[in-house]
Every structure is written in C-alpha cells, then in structure tokens.
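So that the names make sense, note that chain A is the first sequence line, chain B the second, and so on, each numbered from 1.
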Amino acid sequence: QDFLDRFQARIDAEEKIEPTDAMPEGYRRTLVRQIGQHAHSEIVGMLPEGNWITRAPTLRRKAALLAKVQDEGGHGLYLYSAAETLGVSREEMTEELHSGKAKYSSIFNYPTLSWADIGTIGWLVDGAAIMNQIPLCRCSFGPYARAMIRVCKEESFHQRQGYEIVMTLARGTPEQKAMAQDSLNRWWWPALMMFGPHDADSEHSDQSMKWKIKRFSNDELRQKFIDATVPQAEFLGLTVPDADCKWNEEKGGYDHGPIDWSEFWRVVKGGGVMNRDRIRDRKAAWEKGEWVRDAALAHAEKRRARKMAAE
Amino acid sequence: QDFLDRFQARIDAEEKIEPTDAMPEGYRRTLVRQIGQHAHSEIVGMLPEGNWITRAPTLRRKAALLAKVQDEGGHGLYLYSAAETLGVSREEMTEELHSGKAKYSSIFNYPTLSWADIGTIGWLVDGAAIMNQIPLCRCSFGPYARAMIRVCKEESFHQRQGYEIVMTLARGTPEQKAMAQDSLNRWWWPALMMFGPHDADSEHSDQSMKWKIKRFSNDELRQKFIDATVPQAEFLGLTVPDADCKWNEEKGGYDHGPIDWSEFWRVVKGGGVMNRDRIRDRKAAWEKGEWVRDAALAHAEKRRARKMAAE
Amino acid sequence: MALYQAILELADDNLVLGHRVSEWCGHAPLLEEDLAMPNMALDLIGTARTLYDYAGKLEGKGQSEDDMAYLRDEREYRNCLLVERRNDDFAHTMLRQLYFAAFMKPFWDAAANSSDEVIRGVAGKAVKEMAYHIRHAGEWVIRLGDGTEESAARMKDAVQALAMYVDELFVSSAAAAEAEAAGILPKRADMRPAFDAVINHIFAEAMLTTPEVAYPQTGGRDGLHGEDLGHMLSVMQALYRAHPGASW
Amino acid sequence: MALYQAILELADDNLVLGHRVSEWCGHAPLLEEDLAMPNMALDLIGTARTLYDYAGKLEGKGQSEDDMAYLRDEREYRNCLLVERRNDDFAHTMLRQLYFAAFMKPFWDAAANSSDEVIRGVAGKAVKEMAYHIRHAGEWVIRLGDGTEESAARMKDAVQALAMYVDELFVSSAAAAEAEAAGILPKRADMRPAFDAVINHIFAEAMLTTPEVAYPQTGGRDGLHGEDLGHMLSVMQALYRAHPGASW
C-alpha cells in the first residue's frame with residue numbers, strides 16, 4: 001500500500017512514469033491494453049483508407065492519401081514501441097489482434113463506400129481521435145505521452161486535409177455534394193460512438209482518471225467534438241443526420257439525440273459490416289509475409305555467423 | 001510393310017480409322033500431337049478473350065463472350081477426349097502443356113489490348129481457324145473428324161459474331177473506328193502466320209497429306225483466308241496493314257507482302273508478349289485447383305466404399 | 001416507382017452474382033468447371049438483362065439495360081450482400097451459389113403465379129436454371145464437405161464466412177413489400193421452409209452444420225455494401241463510361 | 001511534339017510503377033514495409049506529377065496532370081513493360097523496384113546537366129530518391145536471395161520473370177532520341193555500365209545470376225503492353241471518368 005501511495009503521489013505531482021520505474025500491475029496492464037488497442041487501430045485504420053488509394057480521383061489526392069496512410073503506419077510503429085517498453089512484444093500484440101483477443105477502434109469496421117468517405121474520415125474520425133488524444137499528450141506514462149505529441153500533430157494535419165476534401169465536394173457538382181452528405185450521414189453516429197459509452201456506463205474510467213491516463217470523461221469529450229463539428233458542417237452547407245441536434249444556449253453547447261448503443265455494441269462484438277474482412281486482410285498480409293520475415297531473420301543469422309567466422 | 005500398305009489403302013479409300021483399329025505408330029503420334037496441340041489451343045485461347053469478360057461494354061456482349069469462351073472450353077473437352085481414344089490421358093497432356101513440352105497456337109501469345117480485339121479475334125483468328133479446320137472434318141481419323149464437325153459449326157458462328165463486333169466499331173465513334181483499325185493492324189500478320197511456314201519450309205506436311213490428316217498446304221489455306229478476308233476489311237472501311245496487298249487478276253487472288261518469319265519463330269519459341277503469362281495462368285489455375293480435384297476423388301472413393309459396405 | 005425499385009433489386013442480385021461467377025472463366029480448378037461457370041453466369045446475366053430492360057420501361061426515362069447496369073455507382077446498387085462477396089476459393093464460390101439458388105428456386109416457383117406477365121416470363125426460365133445451380137453447386141458442397149481434410153476445412157470456413165449473409169435474402173425492402181402486396185412478387189419470407197429443406201439436406205450429406213449467426217448482415221437493399229463491390233464495378237463499368245453514348 | 005512524347009514516357013513509367021507499389025499499402029509483409037511502400041510510391045508519383053504538368057504545358061492544349069493520367073487508355077500509355085508487371089510476391093516487387101531504380105539513378109544523375117530547366121529540377125530531387133530505392137530494394141533482394149531456401153527460390157523466380165524486361169529500359173524511342181540529341185535527356189543506352197555495376201554487385205551478394213535473355217520484351221513505348229495494365233487503369237481511372245469535368 002505504501003508503494004501504491006508513493007506511486008499515486010508521483011502521479012498527482014504530474015511526474016512522468018518511465019518504463020524502468022516500478023509501477024502497479026494494474027497500471028501496467030491498463031496501459032498495455034490501451035496502447036496496444038491504439039496501435040492496432042492505426043494498423044487496421046490503414047485498410048479503409050487504403051481501399052481508395054488505387055482509385056483516388058487526382059494524383060494530388062492520391063499522394064496525400066498515401067502520405068496519410070503512411071503516417072498511420074508510423075503511428076502504429078511508435079505505439080507498438082511504446083507498448084514494448086512495458087514488456088509485450090509486437091508479435092504478441094499482433095497475435096492478439098488476429099485472434100480477436102485485442103480490440104481496435106470499432107470505427108474501422110465501417111466500409112469506405114465512396115471517395116467522400118476519405119474526406120469524412122479525416123474530418124470526423126481523425127477529429128474525434130484528436131479530441132481523445134490531446135489529453136493523452138499529458139498522460140502520466142512518459143513514452144505514451146511523447147508518442148501522442150507526435151501523433152496529434154500529424155492527426156490535426158489529417159483532420160484539416162479531410163475537411164478540405166469534404167469542402168471541395170460540398171462546393172462541387174450536385175453528385176459530389178450528395179456524395180459528401182451521404183458520407184456525413186453514414187459516419188456521424190459512428191464518430192460520436194468513438195468516445196465510448198456514456199460516463200454512467202463506462203467501465204475502466206475512474207481508475208484511469210486517477211492514474212491520469214485519462215483526463216476527461218467520454219461525455220465531456222463527445223460534447224467538445226459535437227460543439228466543434230456541427231458549425232463546420234453548417235459552414236459546408238451539410239446537415240448532421242440528427243433532428244435533435246440544436247444549440248442549447250443554457251449549457252452553451254449543442255444537444256444531440258439518443259445514440260443507438262445497440263449498434264455500438266453490435267460492432268464492438270464483431271457484428272459490423274467489415275469486422276471479419278478487416279481481420280481477414282490483416283491476417284492474410286501477415287501470413288503471406290511470413291516467408292519474407294523468415295528470410296530476413298535467416299539472412300541476419302547468416303551474416304552474424306559469417307562475421308564471427310571471419311573474426 | 002504389308003500392314004502399312006493395307007492401312008494406306010484404307011486411307012486412300014476414304015475409310016475412317018477408328019481408335020480400336022490397328023494403325024502405324026507414326027500416324028498415332030502425329031494425331032496425338034496435333035489433337036493435343038489443338039485442344040491446348042482451345043484452353044489457352046480462353047485466356048485472351050476471358051481478359052475482357054469482366055469489362056465487356058454491354059450486357060449483351062458480355063453474355064455472348066461468356067458463351068464463346070464456354071464453347072472454347074467445350075472444344076477443348078471433346079478434343080482431349082478424341083486424343084484420349086489414342087491412349088494419352090488428359091492429365092498427361094495437361095502436364096506437357098504446363099512444362100512447355102506441348103505447344104498451342106502461337107496466336108494466343110498476343111495480348112488483347114482493347115475491346116476491339118475481341119471482335120478481331122472472332123473475325124480473323126476464328127476465321128483462320130475455320131480455314132484450317134474445315135478440311136479436318138474429313139480427316140482420316142474418325143473421332144477427330146467428328147469433333148471437328150461440331151467445332152467448325154460453332155467457330156463459324158463465332159467468326160460472324162466477331163465480324164459483327166468489328167462492324168459495330170467501324171461504324172461507331174471516331175475513337176471506336178480507330179480502335180478497330182488498331183486492332184486489325186496488330187492481328188493481321190499474326191493471323192496470316194496461323195497457317196504455318198511456307199510450304200517449302202514446312203516439316204510434317206507430306207506424310208500428313210498422305211495420311212489425309214491434312215488436305216491442303218499451308219500456303220493454299222493462307223491464300224484462301226486472305227482472299228476471303230481482304231474484301232471484308234474493305235467493306236468495313238478498314239485497311240489491311242500491308243502495302244503490298246493487292247488483287248492479282250492473273251492468279252485470281254490477292255498478293256501479299258513478305259511475312260516476318262523471325263517474329264513467328266520468336267513467338268513459337270516462347271518470346272511472345274504473353275507466352276509466360278499464359279502458362280503461368282494455366283498452371284496457377286491447375287495448382288490452385290488441386291485440392292478441389294483431390295476432394296472430388298476422395299469423395300467418390302468414400303461413396304464407393306460406403307456403397308460396397310452397404311451391399 | 002416501388003415496382004421499379006423492387007425489380008432493380010432482383011436484377012442487381014443476378015448481375016452481381018453473374019459477374020462474380022464470370023471472374024472464374026479460364027481459371028477454374030478443372031475444365032468441366034470452366035464450362036459450368038460461364039453457364040451459370042449466363043443464366044444469371046440473362047435474367048438480369050430482362051429485368052433491367054423491364055425496370056427501364058417502368059422508370060420511363062428511356063434508360064437501356066446497359067445504362068442501368070453501367071452507370072450506377074455502388075451506393076445505387078441494390079443487391080444483397082451475399083452475391084457481392086468475392087470469389088475467394090472454390091468452396092466459397094459454390095456455397096454462395098447454393099445459398100442464392102436455394103432461395104431463388106422457390107422464389108421463381110412462386111413467381112410463376114405473379115400478376116405481372118414479365119415476371120411470369122422470367123420465372124418460367126429461371127426456375128429451371130436455379131434447379132440446375134442447386135444441383136451443381138450442391139454436389140460440390142457435398143464433395144468438398146465430405147472430401148479430404150483440407151476441403152472439409154475450407155468448406156467449413158466458407159459456411160462461417162457466408163452464413164451471416166443468408167438472412168438478408170428473406171427480408172423485403174419497402175419497395176419489394178409493395179410489389180408483394182400487389183401480387184407481383186412472392187413474399188421473400190415465405191421462401192424459408194423450402195430454402196431450409198434444401199440446405200439442411202445438402203449440409204447433412206456434406207457433414208456441415210448451419211452455424212448460429214449472432215449478427216446477420218444486411219444493408220444491400222439500401223446500397224450499404226462492403227468494400228469489394230466498388231472495385232468490381234470500376235472494372236465492369238470502365239469501358240462503357242469511357243465512351244459516353246457510344247454503341248457497342 | 002517529340003519532347004512532349006519523351007516526357008510522357010518518363011511520366012508514365014513513374015506513375016505506373018508508383019501505382020503498382022501503392023497497391024501494397026496495408027498489405028505488406030511487415031509494418032516497416034507498410035511505411036516503405038507508400039514512401040516509394042510517393043517519390044514516383046511526385047516525379048510523375050511534375051512531368052505530366054510539364055508535358056501538358058508542352059502540348060499546349062490546357063490538359064492538366066490529371067487529364068493526362070486519367071483520360072488516356074492503355075494503348076496511349078507509353079511506360080516500359082517492366083513497371084506494369086503485377087506485384088506478384090514481395091520478391092518480384094523488390095526486384096522490379098531495384099531494376100527500375102538502378103536505371104533511373106544514373107539517368108537522373110546525368111539529367112542534372114540537361115539543357116532543360118524542368119528536367120534539371122526533377123533530376124535533383126529524383127536522384128536522391130532513386131538512391132534510396134536502390135538501397136532499400138537492394139537490401140531486400142540480398143536478404144531474400146541469401147535467406148531461406150524458399151526465399152531464394154522465389155527470388156530466382158523473380159529474376160527469371162523480370163530479366164526479360166530490362167533491356168527495354170536502355171532503348172530510346174524516336175521521341176526520346178530527339179530529346180537526347182537536343183541535350184534535354186540523357187542517352188538511355190549510356191546508363192548500361194552504371195546499371196550493370198549496381199545489379200552485379202547486389203546479385204553477387206544475393207547469390208543470384210543474371211540469366212541469358214533469349215527474347216527481350218519491348219513494345220511499351222509504342223503502347224503495346226501486356227494484359228495487366230488495362231485492369232490497373234480501369235480501377236485507377238474509374239472515379240475521374242465517372243464525373244467528367246468535376247474538381248476534386
């Protein structure tokens with residue numbers, strides 16, 4: 001208990017916990033789970049956007065999308081590294097992803113059905129991710145906090161780029177505008193669900209707050225997101241698909257209609273449109289790549305042996 | 001020698017040789033090679049046309065192309081059966097195709113680069129095939145002659161259909177007309193090469209003629225083809241890519257310019273654009289299908305065993 | 001417009017599945033299947049053509065069967081999700097075919113009594129074709145399910161992968177419900193007993209069991225598809241779209 | 001128009017290979033390659049964009065880089081055959097990349113002395129990128145060639161499959177020859193020694209030998225391609241062509 005108190009005191013003093021520091025098992029476990037999940041989300045997140053790389057409608061957009069997908073891979077890489085400082089290997093985490101034991105953000109279980117979705121994902125999904133992640137830049141665990149600083153900078157670039165794609169469509173031909181509205185209709189509610197269940201129903205929150213892994217509640221972050229995003233939609237001449245969405249002068253924010261949590265749980269539990277396909281594609285890439293990874297290991301081993309023989 | 005004389009007498013009397021009849025080894029070998037090669041050509045020939053099935057520009061054309069490719073598979077099937085009557089199995093022949101030991105018509109080593117090629121293949125390639133095959137309907141070997149009767153009937157339907165595709169393009173937009181002319185430019189000389197080397201340079205011909213496996217020389221058939229096809233091109237307003245191609249009143253046929261036999265041999269020997277890809281695709285289909293064929297055998301075996309156990 | 005929509009759904013099912021099957025052409029595991037695949041594709045595409053032609057007439061804007069097939073994007077396609085699933089391996093392809101045909105056979109059987117002449121015409125031809133598809137695909141499902149260890153495993157995978165798309169076959173869109181109420185189309189939900197009888201019979205011989213599906217997948221009738229359909233349509237429509245107004 | 005044609009050939013090489021590499025995105029054998037692939041694709045597509053833009057200006061008909069990339073069909077594409085070859089496995093992809101970069105690196109090096117300002121500008125950036133591609137792909141060719149039995153066999157297959165497309169890199173079309181005579185582009189044939197030096201060095205470490213090529217494949221500069229390019233272009237161009245005149 002003494003140890004726990006001292007640990008909590010460090011947290012309360014806003015000291016950063018580093019991998020070599022002693023830490024409660026629960027703290028370690030929570031971070032491994034959260035960082036791993038976050039890393040997996042970046043990796044799986046490459047798929048829905050990657051789905052439009054070969055069909056991007058201009059070379060400029062193709063290049064920007066490639067760069068974005070590459071950034072996501074990069075985020076995955078530093079996040080896996082941050083998790084590795086806590087003693088889990090990338091292989092273990094990858095296996096947990098493929099077996100379904102580890103989760104990733106449910107939003108990536110929705111399909112990208114039009115080019116507009118590439119804009120909308122940047123605007124809404126990266127937008128929501130930033131809301132979640134900015135507080136993580138001050139997370140008590142040092143490697144995670146530092147990774148998030150870099151991630152957030154890139155995400156906010158992606159978010160602006162996504163918004164710009166949607167704006168171009170919203171100001172384009174009637175077909176393009178319809179494409180943008182349709183995309184907003186499909187992604188709005190899933191984006192709101194990205195903040196997780198209402199505070200009253202949220203599991204891990206209290207302890208995470210105390211450990212300063214989490215700093216705002218799900219509902220607080222969701223409200224911030226809505227307040228930032230609804231005016232952006234209005235500016236584009238697009239309509240958020242929520243008849244109850246209106247400005248509430250009293251609370252100084254937008255009200256929103258009820259969220260369909262059965263849909264949320266359905267997708268979390270594997271019932272979304274793309275859950276199986278996402279894991280199938282990741283596993284296929286992994287399995288088809290096995291001979292390449294094996295060869296790299298074998299070659300490194302041969303080099304080492306030759307070098308030793310030469311010495 | 002007595003046997004050979006009696007055999008030749010039967011041939012000369014236009015008697016059909018049947019699989020159970022005694023026949024000279026050379027006769028058998030020539031037929032196995034020729035029928036096998038013909039069967040392989042039908043099978044490999046499914047690939048260049050199949051290349052446009054998913055992109056056919058109307059549903060009617062898609063259906064017609066599917067039916068055509070299916071007919072080719074069917075021709076392959078009866079030809080393999082005809083060869084099997086001579087004691088070689090379909091598996092053996094397939095292996096010879098995959099190993100490169102058996103040949104198929106070189107024309108299928110040219111790629112289909114536009115929709116017009118689907119028309120041109122029907123018009124020129126099936127047209128040339130018919131010229132080659134009509135005499136085969138009277139071939140001395142019964143099963144081959146009977147297979148060819150059915151094949152020729154279908155091929156001449158394909159030839160008319162192909163011509164109709166080219167006609168539609170030739171009468172279409174300027175882009176479509178250009179597509180048709182480009183296609184004729186690419187396929188004309190390869191089609192002329194389908195009749196094989198000039199008579200003076202042709203290997204197997206004399207004995208095949210004597211055995212009535214072959215009834216016209218390569219040059220005779222080529223001339224027939226040119227005489228039939230040049231007016232068809234003129235009718236479409238297309239130009240055969242041969243400056244020396246003109247009517248020769250004296251011989252009552254068209255003259256043609258020199259054929260580039262180095263190109264012919266290059267493709268025969270494996271140097272055409274698609275040689276490797278064709279064999280790669282056939283082998284891939286075969287290898288990927290192995291588990292299916294194995295399962296079918298295993299299932300048949302189980303059935304047989306169960307039936308016997310029940311009796 | 002309800003009938004137009006309902007016909008379009010049926011036509012899209014047939015075209016999309018027909019196209020998928022046609023992708024096998026020249027690449028099938030045995031020559032006999034290189035003949036059977038285009039055969040099944042032809043049946044389905046033939047049915048789609050008659051239905052598109054009819055839909056175009058119902059719409060009354062002069063759209064041809066090809067305009068309908070080649071100028072709508074993936075959000076406008078109304079096929080059920082089952083038919084758009086990629087070919088994957090031969091086991092998936094044959095099971096997809098079996099599921100579809102086991103539904104359509106009783107559907108067209110019932111449609112023989114449609115109040116609509118075009119539908120009756122389509123039904124008369126299609127019912128025989130679907131019986132053949134059940135037979136052909138069903139035999140393969142049995143052979144593979146009760147074949148080698150590998151084929152049985154692949155067949156089980158296919159069932160795991162595709163069973164969740166079955167329920168959508170029995171759901172009528174609002175448009176279809178109107179056409180059903182008018183006696184033009186049979187009620188989709190009514191096909192369940194006939195479908196189950198066929199599947200149960202074949203699965204029993206194939207040593208397969210129908211899995212519990214926790215989350216049946218739907219959405220195709222609202223144009224909410226998976227990601228594969230868009231790629232399929234880009235290839236299919238490329239040439240037609242590259243030459244607007246041309247005749248082929 | 002010769003310079004326009006010559007620039008287009010270069011641009012097409014870069015775009016087609018960039019597109020092929022981009023097809024790996026999210027499907028690479030290890031995460032590091034999921035970063036390296038888009039990186040290489042971006043280099044190539046970036047070069048293609050500058051070149052298309054320049055070609056459009058030379059043509060003088062107001063065509064944008066996108067019109068050039070998205071509105072030409074396969075017969076109008078002038079890329080060499082090497083770059084359009086399908087990805088196949090990782091060994092093929094890395095060898096294709098190595099061959100291309102081993103040619104382009106000395107090409108851009110020499111192009112630093114071009115009489116054309118745009119070409120000098122492209123060269124300055126591209127030469128560093130190509131050095132990186134040689135390093136990255138070359139290391140993989142060595143690892144795979146001298147890795148496991150399986151990887152060595154796959155690497156040998158890749159050499160067998162791709163070596164025949166190498167010679168075309170050194171052949172100048174009539175248009176390129178004019179640009180070379182004018183001192184705008186380096187002479188393609190001159191790159192052979194530098195190319196051979198890189199390849200021989202890497203192949204020696206990778207335990208690979210350069211096979212005798214009986215029939216080098218050419219034709220790309222005349223728009224005579226294999227069958228894969230058309231499929232690639234249908235997917236790439238689908239959206240752009242479906243919305244003529246739209247801005248994205």
- [ ] Please check if atom NZ in A:K302 has more than 12 non-hydrogen atoms from other residues, nucleotides or ligands closer than 6.0 Å.
- [x] yes
Task: More than 12 heavy atoms of other groups within 6.0 Å of A:F157 CZ - done: no
Quick check for you: among [options], which has the greatest number of heavy-atom pairs under 4.5 Å with chain D?
{"options": "A:G119, A:A300, A:G172, A:A295", "answer": "A:A295"}
{"options": "A:E287, A:E301, A:R60", "answer": "A:R60"}
{"options": "A:L59, A:I43, A:T173", "answer": "A:L59"}
{"options": "A:E49, A:R282, A:E290", "answer": "A:R282"}
{"options": "A:Y80, A:W286, A:W115", "answer": "A:W115"}
{"options": "A:G76, A:G50, A:G45, A:A63", "answer": "A:A63"}

Minimum heavy-atom distance [X]-[Y], with the two atoms named:
{"X": "A:L66", "Y": "D:A41", "value": "CD1-CB, 3.8 Å"}
{"X": "A:T168", "Y": "D:S247", "value": "CG2-O, 3.9 Å"}
{"X": "D:G26", "Y": "A:A285", "value": "O-CB, 4.4 Å"}
{"X": "D:S22", "Y": "A:T54", "value": "OG-CG2, 4.4 Å"}
{"X": "D:E32", "Y": "A:L77", "value": "OE2-CD1, 3.6 Å"}
{"X": "D:E205", "Y": "A:R303", "value": "OE1-NH2, 3.3 Å"}

Between [X] and chain A, which part of the residue has a heavy atom less than 4.5 Å away: side chain, backbone, both or neither?
{"X": "D:L31", "answer": "both"}
{"X": "D:R154", "answer": "side chain"}
{"X": "D:W24", "answer": "neither"}
{"X": "D:A238", "answer": "neither"}
{"X": "D:L15", "answer": "side chain"}

Between [X] (side chain) and [Y] (backbone), is there a donor-acceptor pair under 3.5 Å?
{"X": "A:R293", "Y": "D:P29", "result": "yes"}
{"X": "A:R61", "Y": "D:W248", "result": "yes"}
{"X": "A:Q70", "Y": "D:P38", "result": "no"}
{"X": "D:D146", "Y": "A:H299", "result": "no"}
{"X": "A:Q176", "Y": "D:H243", "result": "no"}

Task: Validation row: D:T148, A:W291 side chains within 4.5 angstrom (heavy atoms) - done: no
Task: Heavy-atom check, side chain of A:K62 versus side chain of D:H19, under 4.5 Å - done: yes
- [ ] I would like to know whether A:R55 and D:M236 meet side-chain contact (heavy atoms from CB on, under 4.5 Å); could you show each step before the answer?
- [x] CA-CA 5 Å; A:R55 293 179 289 171; D:M236 183 175 111; over 6 Å; no
Task: Basic-acidic side-chain contact under 4.0 Å: A:D294, D:R143 - done: no
Task: A:M179 versus chain D, the contacting section by heavy-atom distance below 4.5 Å - done: side chain
Task: Contact residues of residues 85-101 of chain D (partner chain A; heavy-atom separation under 4.5 angstrom) - done: D:D89, D:F90, D:A91
- [ ] For the pair D:H27 and A:K288, evaluate side chain to side chain donor-acceptor pair (under 3.5 Å) and give the outcome as yes or no after the intermediate values.
- [x] CA-CA 9 Å; D:H27 305 279; A:K288 271 196 206 156; over 6 Å; no
- [ ] Could you have a look at D:L30, D:L144, D:I45 and say which one has the most heavy-atom pairs with chain A under 4.5 angstrom?
- [x] D:L144
Open item on the list: Between D:E149, D:E150, D:R241, who has the most heavy-atom pairs with chain A when the cutoff is under 4.5 Å?
Closed with: D:E150
Open item on the list: For the SG atom of D:C25 and the CD atom of A:E72, what is their distance to the nearest 0.5 Å?
Closed with: 10.0 Å
Task: Gap between atom CG of A:L297 and atom OG of D:S151 - 0.5 Å precision - done: 11.0 Å
